[in-house]
Amino acid sequence: MYFLQKSLATVFSALIIGLLFFDYFFIAFLISLPIFLIAGGICSYIVDVYLLEKLKISSLLQEYFLSIIVYTLGGIVTMFIFSFSQGSISSSTILPTVLIGIVPAFIYFHLSFLFSLVISRKTMIID
(Lines give C-alpha, C1' and ligand atoms only; values in the text may rest on other atoms or scores of the structure.)
Protein backbone atom coordinates (compact mmCIF):
# COMPACT_ATOMS: atom_id res chain seq x y z
CA MET A 1 0.00 0.00 0.00
CA TYR A 2 2.89 2.35 0.73
CA PHE A 3 4.16 2.15 -2.86
CA LEU A 4 0.65 2.78 -4.23
CA GLN A 5 0.20 5.81 -1.96
CA LYS A 6 3.52 7.37 -2.97
CA SER A 7 3.00 6.59 -6.66
CA LEU A 8 -0.42 8.23 -6.66
CA ALA A 9 0.93 11.25 -4.82
CA THR A 10 3.78 11.57 -7.34
CA VAL A 11 1.59 11.39 -10.44
CA PHE A 12 -1.15 13.65 -9.09
CA SER A 13 1.40 16.20 -7.82
CA ALA A 14 3.01 16.34 -11.26
CA LEU A 15 -0.44 16.74 -12.83
CA ILE A 16 -1.27 19.64 -10.50
CA ILE A 17 2.03 21.35 -11.30
CA GLY A 18 1.28 20.81 -14.98
CA LEU A 19 -2.15 22.41 -14.53
CA LEU A 20 -0.60 25.39 -12.76
CA PHE A 21 1.40 26.02 -15.92
CA PHE A 22 -1.55 25.28 -18.21
CA ASP A 23 0.00 26.62 -21.40
CA TYR A 24 3.05 24.42 -20.81
CA PHE A 25 1.22 21.51 -19.21
CA PHE A 26 3.10 18.67 -20.89
CA ILE A 27 6.53 20.22 -20.36
CA ALA A 28 5.79 21.06 -16.71
CA PHE A 29 4.44 17.56 -16.14
CA LEU A 30 7.49 15.90 -17.71
CA ILE A 31 9.92 18.06 -15.74
CA SER A 32 8.16 17.76 -12.39
CA LEU A 33 7.45 14.01 -12.51
CA PRO A 34 11.06 12.84 -12.09
CA ILE A 35 11.69 15.54 -9.48
CA PHE A 36 8.69 14.32 -7.48
CA LEU A 37 9.84 10.72 -7.93
CA ILE A 38 13.35 11.38 -6.68
CA ALA A 39 12.94 14.21 -4.15
CA GLY A 40 9.50 13.11 -2.98
CA GLY A 41 10.69 9.54 -2.60
CA ILE A 42 13.72 10.57 -0.58
CA CYS A 43 11.72 12.94 1.66
CA SER A 44 9.01 10.33 2.17
CA TYR A 45 11.57 7.72 3.11
CA ILE A 46 13.27 10.06 5.57
CA VAL A 47 9.96 11.06 7.17
CA ASP A 48 8.31 7.64 7.25
CA VAL A 49 11.27 5.41 8.10
CA TYR A 50 13.68 7.57 10.03
CA LEU A 51 11.51 10.10 11.83
CA LEU A 52 8.04 8.70 12.41
CA GLU A 53 9.12 5.11 13.00
CA LYS A 54 12.05 5.99 15.28
CA LEU A 55 10.26 8.75 17.20
CA LYS A 56 7.09 6.65 17.58
CA ILE A 57 4.75 9.63 17.38
CA SER A 58 1.24 8.62 18.37
CA SER A 59 -0.62 11.86 17.68
CA LEU A 60 -1.77 12.41 14.10
CA LEU A 61 -1.48 16.18 14.62
CA GLN A 62 2.15 15.94 15.77
CA GLU A 63 2.91 13.62 12.86
CA TYR A 64 1.32 16.10 10.47
CA PHE A 65 3.32 19.11 11.68
CA LEU A 66 6.62 17.22 11.84
CA SER A 67 6.03 15.93 8.33
CA ILE A 68 5.21 19.43 7.06
CA ILE A 69 8.49 20.75 8.45
CA VAL A 70 10.57 17.96 6.90
CA TYR A 71 8.81 18.11 3.52
CA THR A 72 9.25 21.90 3.47
CA LEU A 73 12.96 21.53 4.14
CA GLY A 74 13.12 18.82 1.48
CA GLY A 75 11.47 21.11 -1.07
CA ILE A 76 13.86 23.94 -0.27
CA VAL A 77 16.93 21.69 -0.45
CA THR A 78 15.70 20.19 -3.73
CA MET A 79 15.32 23.62 -5.32
CA PHE A 80 18.73 24.74 -4.09
CA ILE A 81 20.34 21.62 -5.55
CA PHE A 82 18.49 22.18 -8.82
CA SER A 83 19.47 25.88 -8.89
CA PHE A 84 23.11 25.16 -8.09
CA SER A 85 23.25 22.51 -10.81
CA GLN A 86 21.94 25.10 -13.28
CA GLY A 87 24.36 27.74 -11.99
CA SER A 88 21.53 30.22 -11.47
CA ILE A 89 21.61 31.00 -7.76
CA SER A 90 22.25 34.52 -6.54
CA SER A 91 21.19 36.67 -3.61
CA SER A 92 18.24 38.05 -5.61
CA THR A 93 16.92 34.58 -6.47
CA ILE A 94 17.05 32.99 -3.01
CA LEU A 95 13.51 33.90 -1.91
CA PRO A 96 11.85 32.83 -5.21
CA THR A 97 13.86 29.60 -5.08
CA VAL A 98 12.63 28.91 -1.55
CA LEU A 99 9.01 29.60 -2.51
CA ILE A 100 9.25 27.49 -5.65
CA GLY A 101 10.52 24.64 -3.46
CA ILE A 102 7.85 24.94 -0.79
CA VAL A 103 4.72 24.90 -2.99
CA PRO A 104 5.43 21.55 -4.72
CA ALA A 105 6.52 20.05 -1.38
CA PHE A 106 3.18 21.07 0.17
CA ILE A 107 1.26 19.66 -2.79
CA TYR A 108 3.13 16.35 -2.66
CA PHE A 109 2.89 16.03 1.12
CA HIS A 110 -0.83 16.77 1.30
CA LEU A 111 -1.67 14.40 -1.53
CA SER A 112 0.47 11.70 0.06
CA PHE A 113 -1.16 12.34 3.44
CA LEU A 114 -4.64 12.26 1.89
CA PHE A 115 -3.92 9.02 0.03
CA SER A 116 -2.52 7.43 3.20
CA LEU A 117 -5.71 8.31 5.09
CA VAL A 118 -7.95 7.04 2.28
CA ILE A 119 -5.96 3.84 1.75
CA SER A 120 -5.69 3.05 5.47
CA ARG A 121 -9.40 3.70 5.94
CA LYS A 122 -10.22 1.49 2.97
CA THR A 123 -8.11 -1.36 4.35
CA MET A 124 -9.77 -0.93 7.78
CA ILE A 125 -13.19 -1.24 6.12
CA ILE A 126 -12.08 -4.34 4.20
CA ASP A 127 -10.56 -5.99 7.28
Next on the checklist: Would I17 and I35 count as a side-chain contact (heavy atoms from CB on, under 4.5 Å) here? Give the steps.
Outcome noted: CA-CA 11 Å; I17 295 296; I35 294 171; over 6 Å; no

When hydrophobic residues are tied together by side-chain contacts of less than 4.5 Å, even through go-betweens, does [X] share a cluster with [Y]?
X	Y	value
L73	Y64	no
I107	F22	no
F65	I76	yes
L117	L8	yes
I16	I31	no

Checklist entry - Hey, what do you get for OG1 (T10) to CG (L15), rounding to the nearest 0.5 Å? => result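 With rounding to 0.5 Å, OG1 (T10) is 11.0 Å from CG (L15).
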
Item to check | Rounded distance (nearest 0.5 Å) linking atom CD1 of I68 with atom CD of E63 | outcome: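 That separation rounds to 11.5 Å.
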
Checklist entry - Any donor-acceptor pair under 3.5 Å linking the side chain of S116 with the backbone of F113? => result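 Yes: the side chain of S116 pairs with the backbone of F113.
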
Which heavy atom of [X] sits nearest to which heavy atom of [Y], and what is that distance?
X	Y	result
G101	M79	CA-CG, 3.1 Å
L33	V11	CD1-CA, 4.3 Å
S67	V47	OG-CG1, 3.5 Å
A28	G18	CB-CA, 3.9 Å

Checklist entry - Counting heavy atoms not belonging to Y45, are there more than 12 under 6.0 Å from its OH? => result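 Open.
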
Item to check | Passing option when C43 is tested against Y108, F109, Y71, F36 for side-chain contact (heavy atoms from CB on, under 4.5 Å) | outcome: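 Looking at Y108, F109, Y71, F36, the match for C43 under the side-chain contact (heavy atoms from CB on, under 4.5 Å) is Y71.
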
Checklist entry - Which residues pass the ring-ring contact (aromatic ring centres under 6.0 Å, His included) test with F29, sequence neighbours left out? => result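 So F29 forms no ring-ring contact (aromatic ring centres under 6.0 Å, His included) with any residue.
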
Checklist entry - Got a sec, which pairs hit side chain to side chain donor-acceptor pair (under 3.5 Å) with one end in residues 23-37, sequence neighbours left out? => result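 Side chain to side chain donor-acceptor pair (under 3.5 Å) check on residues 23-37 returns no pairs.
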
